[in-house]
Amino acid sequence: MKINILVVGRHEEILQTVLRLINKNDDWNAEGCLHDEEAVKLFNERNFDLVLLSGGIDEVCEENLRNCFMKKNPAIKIIQHYGGGSGLLSGEIYEALSETGLR
């Protein structure tokens, strides 16, 4: 069973890089959005195991996104990723998955 990850970011190039790095793992499937409305719509249409918030999202938008995601799924794990390379990204995801029991 693949782990489904929603990635929300503000910069197209960074978002595409993060998606590519996540999707290199055969056990993970990541989809990304640049806009909050699109992210909420996608989250409501599909079952995600994890949400990754990339850099560039201001505090108000982040809080609104968290509230929307947790309203639909109070158990959803939401993590921040500010960059730092593929090793850090994978480590953050593995840590979040172990906290949710999905790893």
Side-chain angles (χ1 to χ4, degrees):
M1 177 181 92
K2 284 199 176 211
I3 301 296
N4 292 310
I5 302 169
L6 175 62
V7 181
V8 184
R10 293 293 188 254
H11 307 286
E12 178 71 35
E13 289 179 15
I14 295 171
L15 179 63
Q16 292 306 317
T17 299
V18 169
L19 292 173
R20 183 176 41 79
L21 292 170
I22 292 172
N23 286 324
K24 276 186 176 181
N25 186 315
D26 292 336
D27 295 327
W28 299 343
N29 177 55
E31 295 184 60
C33 299
L34 292 170
H35 306 287
D36 297 353
E37 301 80 18
E38 181 185 7
V40 170
K41 183 177 186 290
L42 195 58
F43 187 84
N44 287 328
E45 291 174 352
R46 306 217 178 102
N47 289 323
F48 289 97
D49 302 296
L50 182 68
V51 174
L52 187 143
L53 301 177
S54 189
I57 301 173
D58 67 50
E59 289 180 33
V60 173
C61 290
E62 180 183 332
E63 186 175 334
N64 289 339
L65 285 169
R66 286 180 182 273
N67 289 337
C68 287
F69 297 151
M70 294 185 82
K71 184 176 183 178
K72 181 177 187 251
N73 179 359
I76 192 71
K77 182 70 176 171
I78 302 170
I79 61 174
Q80 291 280 164
H81 177 70
Y82 296 106
S86 61
L88 179 61
L89 176 63
S90 294
E92 291 170 340
I93 293 171
Y94 278 121
E95 181 178 334
L97 294 174
S98 68
E99 291 173 8
T100 61
L102 293 170
R103 181 176 174 200

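- A distance of 6.0 Å separates CD1 of Ile57 from CG of Leu65, quoted to the nearest 0.5 Å.
- With respect to the salt-bridge test (charged N to carboxylate O, under 4.0 angstrom), the residues Arg66 and Glu62 qualify.
- Note: Leu89 CG to Leu52 CG = 6.0 Å, rounded to the nearest 0.5 Å.
- Counted within 6.0 Å of CD on Glu13, heavy atoms from surrounding residues, nucleotides or ligands total 12 or fewer; the atom is thus considered open.
- For the atom pair NZ (Lys77) and OG (Ser98), the distance works out to 8.5 Å, reported to the nearest 0.5 Å.
- In this structure, Asp36 and Asn64 have side chains that are not in contact, with every pair of non-hydrogen atoms separated by 4.5 Å or more.
- In plain terms, the two heavy atoms of Glu38 and Gly32 that are nearest each other are OE2-O, 4.4 Å.
- Within 6.0 Å of atom CD in Glu12, more than 12 heavy atoms from other residues, nucleotides or ligands are found, so the atom counts as buried in its surroundings.
- Within the model, atoms NE2 of His81 and CG of Leu21 stand 8.0 Å from one another, a figure rounded to the nearest 0.5 Å.
- A donor-acceptor pair is defined here as one N or O able to donate and one able to accept, closer than 3.5 Å; such a pair exists between the side chain of Asp49 and the backbone of Asn4.
- Here the closest non-hydrogen pair linking Ile22 and Ala30 is CG2-CB, 3.4 Å.
- No continuous path of hydrophobic side-chain contacts links Leu6 to Ile79 [ILVMFWY only; heavy atoms under 4.5 Å].
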| task | Would you check, one step at a time, whether the test side-chain contact (heavy atoms from CB on, under 4.5 Å) holds for Ile14 with Ser54? | result | CA-CA 8 Å; Ile14 295 171; Ser54 189; 3.9 Å; yes

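- Taken together through direct or relayed side-chain contacts under 4.5 Å among Ile, Leu, Val, Met, Phe, Trp and Tyr, Ile78 and Val7 form parts of separate hydrophobic clusters.
- Between Phe69 and Phe43, the ring-plane angle classifies as tilted under the 30° and 60° cut-offs.
- The nearest pair of heavy atoms linking Arg46 to Lys72 is O-NZ, 3.7 Å.
- Contact between Ile76 and Leu50 at its shortest, heavy atoms only, is CD1-N, 3.7 Å.
- Within the model, atoms CG of Asn23 and CD of Glu31 stand 8.5 Å from one another, a figure rounded to the nearest 0.5 Å.
- One hydrophobic cluster holds both Val40 and Val8 under the rule that ILVMFWY side chains link at heavy-atom gaps under 4.5 Å.
- Interatomic distance, CG of Asp27 versus CD1 of Ile93, reported as 11.5 Å (0.5 Å rounding).
- When the shell of 6.0 Å around CD of Glu63 is examined, it contains 12 or fewer heavy atoms from other residues, nucleotides or ligands.
- Within a 6.0 Å sphere centred on CG of Asp26, other residues, nucleotides and ligands contribute 12 heavy atoms or fewer.
- When all heavy atoms of Gly9 and Leu15 are compared, the pair lying nearest together is N-CD1, 4.3 Å.
- In Lys2, the NZ atom is crowded: over 12 heavy atoms of neighbouring residues, nucleotides or ligands sit closer than 6.0 Å.
- Counting heavy atoms of neighbouring residues, nucleotides and ligands inside a 6.0 Å radius, atom CG of Asn67 exceeds 12 of them.
- Phe48 and Leu19 fall into different hydrophobic clusters, defined by Ile, Leu, Val, Met, Phe, Trp and Tyr side-chain heavy atoms under 4.5 Å apart, directly or through other members.
- Across all their heavy atoms, Arg10 and Cys61 have their closest contact at NH2-CB, 3.7 Å.
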